[in-house]
Structures are given as C-alpha cells and as structure tokens.
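Working notes, structure below.
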Amino acid sequence: MSYLELRGVSKVYGEGPTEVHALTGVDLSADAGQLVAVMGASGSGKSTLLTIAGSLEEPTSGEVLVGGALLSKMSRNDKARMRRRSIGYVFQDYNLLAGLSAVENVSLPLELDGVAAKKAQSAGMAVLEELGLADRATSFPDELSGGERQRVSIARAVVGERHLLLADEPSGALDSANGEAVMRLVLAACRRGVAAVVVTHEAQLASWADRVVFLRDGRVVDQTEPLSGIEESLLAHGPKQ
Ligand code: ADP
Ligand code: MG
C-alpha cells in the first residue's frame, strides 16, 4: 500500500509575469518500507515536493494522500497532529534547538504530542541508542559534530511510530562517510516499515533507493524502478539547461 501518494500535483508561486511553476503535474508514491530518492538540479522543485508531501504547503492543484487520507479534506488541526505523529522531516541544516540536549531534541515531538516527559525521554533515548549516539544524549547541538547533529535530527524524525520520513538533502553538508551513515539510518527506518522520500545530489546515495525520481523544471522526467542504470538516466537528461 502506498503510504504517500501525490496525484497530478502542481505548485505555482506568485502571479502574473513573476509566477514560478515550481511543480507541474507530479505523480509520486512511496509504499511502506520503500525508499524513494529524488534527484534534480537546483531549482527543479525538490524542496517544494517535500514540503507539499509533508503538508507544510498546499499544492495549487492536484491531490496528496498520506496514509490513504486526502490532505485537502483534513482540518489544520488534523494535519498538525499527523505531522507530529506520523511524519518525520529532516532538514539539510538539521534544525535542532540549540537550548535542548540531543535527547531532549529527539523526544520533543512526542512531548508536543502529549506523551509524558519521562516516557518521551526514554523513547528518545532508545532511538539514540539505536543510532549509536547514546553517549551523546546529554550533549547540546553545538557540542556535536555535523555528522552527529544530522544523526540526532534523523533520530528526531523517526522517534515514536513514524510512518513517513521526508529528508531534504540530509547528507548535503556531510562528507561521504557521514553521508553514507545517514543513508544507512534511513534504510534502517524503511526496514521497520517507514516510507521514505529522500532528496539527494549524490548518485552514489540514490543508488541505495528502491526507486529514483528525477525532477526537471518541476516535472518528473524519469522514474527508475527498480534501480537500474541511474548513470544512463543522468547521462540521458544531463544537467539543467
Ligand atoms: P530545489 O529544492 O530543487 O532547489 P525548490 O523547490 O526550492 O527547488 O524551488 C523550485 C522553484 O520554486 C524555484 O524556481 C524557486 O525559486 C521557486 N520557489 C520555491 N519556493 C518559493 C517561494 N516560497 N516563493 C516563490 N518561489 C519559490
Ligand atoms: Mg531544495
């Protein structure tokens, strides 16, 4: 079953001569347990696609379904609850709160969702342990390396019973060893049944995905499924003109 489904999604920013067609007629789905990589030049609409999939922005036209529910039929409160409970979002710049320790950052979504502080912290601790970060739990973000911060932000995105992981160039600021570690964590989440959509620039990391979606000027130009010949696709489409 597809946990995430975008049907004919378009997004237009602005109006008249300055309008930007960020996405045009995008169809995309991610099944439970599936890792979908999104590639495309800068400005091709990758971040717009993730924010719409995560219900942070509304499409101009088309429909988005999360867990079989149409976002357009959900109230603001329902969407907010769904974001807290079911969707994990990983930002390129980590977005950790500087005043909270690693474990406090990770358990925050649960606390916001009404889970008692103690229970939330032990769930946060369990995820940090899984990600090999138990000894960094009480460290603050500025005491962590870039790779550790990104792992903490992934821990925060998968804590609790998340079903959908959306990651916008999670390895963008990392060296290749840390980038691989991050992809390994995403894959581990998928093995637990999470549907994941990950934006990446690196064909090497995209090659770990079950499917690679290429965006060009807001349109899907290719879907490689299952992964075969990613190089060919890149060569065939070339860089953005
Ligand atoms: P990518 O993540 O692939 O670099 P984006 O989704 O950020 O691409 O942007 C796609 C296009 O939409 C770009 O032309 C960008 O300038 C434009 N865009 C994105 N967000 C906004 C916004 N909030 N207002 C106006 N234009 C935007
Ligand atoms: Mg982007």
Side-chain angles (χ1 to χ4, degrees), residues 4-30 35-66 71-72 76 79-80 83 87-96 146 149-150 153-154 156-157 164-176 178-179 182-183 185-186 195-209 211-224 230 233-241:
L4 170 71
E5 202 175 334
L6 274 68
R7 295 183 184 156
V9 164
S10 297
K11 180 71 178 178
V12 182
Y13 289 111
E15 260 179 53
T18 59
E19 74 181 20
V20 176
H21 292 255
L23 293 176
T24 305
V26 169
D27 296 317
L28 177 115
S29 64
L35 172 57
V36 177
V38 178
M39 301 190 81
S42 173
S44 59
K46 305 180 299 295
S47 295
T48 303
L49 181 110
L50 282 201
T51 52
I52 289 175
S55 86
L56 296 165
E57 276 198 83
E58 285 180 13
T60 308
S61 60
E63 287 289 0
V64 181
L65 293 95
V66 175
L71 294 189
S72 59
R76 278 180 82 90
K79 278 193 273 192
R83 282 195 298 270
I87 303 181
Y89 213 106
V90 180
F91 301 88
Q92 180 168 6
D93 55 3
Y94 324 128
N95 253 17
L96 297 175
R149 268 180 243 172
Q150 192 57 297
S153 80
I154 291 183
R156 180 183 56 184
L164 178 61
L165 181 59
L166 301 169
D168 200 351
E169 302 190 45
S171 57
L174 304 177
D175 59 32
S176 63
N178 275 307
V182 159
M183 280 310 262
L185 297 180
V186 173
V197 181
V198 177
V199 170
T200 180
H201 267 110
E202 291 159 75
Q204 174 70 27
L205 295 180
S207 70
W208 297 33
R211 193 161 84 246
V212 184
V213 174
F214 295 89
L215 276 183
R216 190 185 196 183
D217 295 334
R219 293 172 194 272
V220 173
V221 289
D222 193 15
Q223 298 207 12
T224 318
I230 183 176
S233 295
L234 284 170
L235 288 173
H237 295 293
K240 195 181 170 186
Q241 302 296 306

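Every heavy atom of this structure was used, including side-chain atoms; hydrogens, water molecules and symmetry mates were not. Predicted model, so just to flag it, every value in this text is computed and none were measured. Counting from 1, the numbers follow the sequence of the chain as shown. Counting starts at 1 for both ligands and their atoms, following the listed order.
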Picking from V197, V198, L165, what satisfies side-chain contact (heavy atoms from CB on, under 4.5 Å) with L35?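 Of all the options given, the one that passes is V198.
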The Mg ion (ligand 2) and Q92: any N/O/S contact shorter than 2.8 Å? no
Within-4.5 Å side-chain heavy-atom neighbours: [X] and [Y]:
{"X": "M183", "Y": "S171", "value": "no"}
{"X": "L56", "Y": "Y89", "value": "yes"}
{"X": "V12", "Y": "T24", "value": "no"}

Should you measure from each heavy atom of [X], which atoms of ligand 1 turn up under 4.0 Å away?
{"X": "A41", "result": "3 (O)"}
{"X": "S42", "result": "4 (O)"}
{"X": "V20", "result": "12 (O), 14 (O), 17 (C)"}
{"X": "S47", "result": "1 (P), 2 (O), 6 (O), 7 (O)"}

If you count the non-hydrogen atoms of other residues, nucleotides and ligands that lie under 6.0 Å from CD in E58, is the total more than 12?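 No, the 6.0 Å shell around CD holds no more than 12 heavy atoms from other groups.
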What do you reckon, does G43 have a nitrogen or oxygen under 3.5 Å from a nitrogen or oxygen of ligand 1? yes
Can you tell me if E57 and T48 form a side-chain donor-acceptor pair at under 3.5 Å? no
If you measure from each heavy atom of G14 to ligand 1, is any distance below 4.0 Å? no
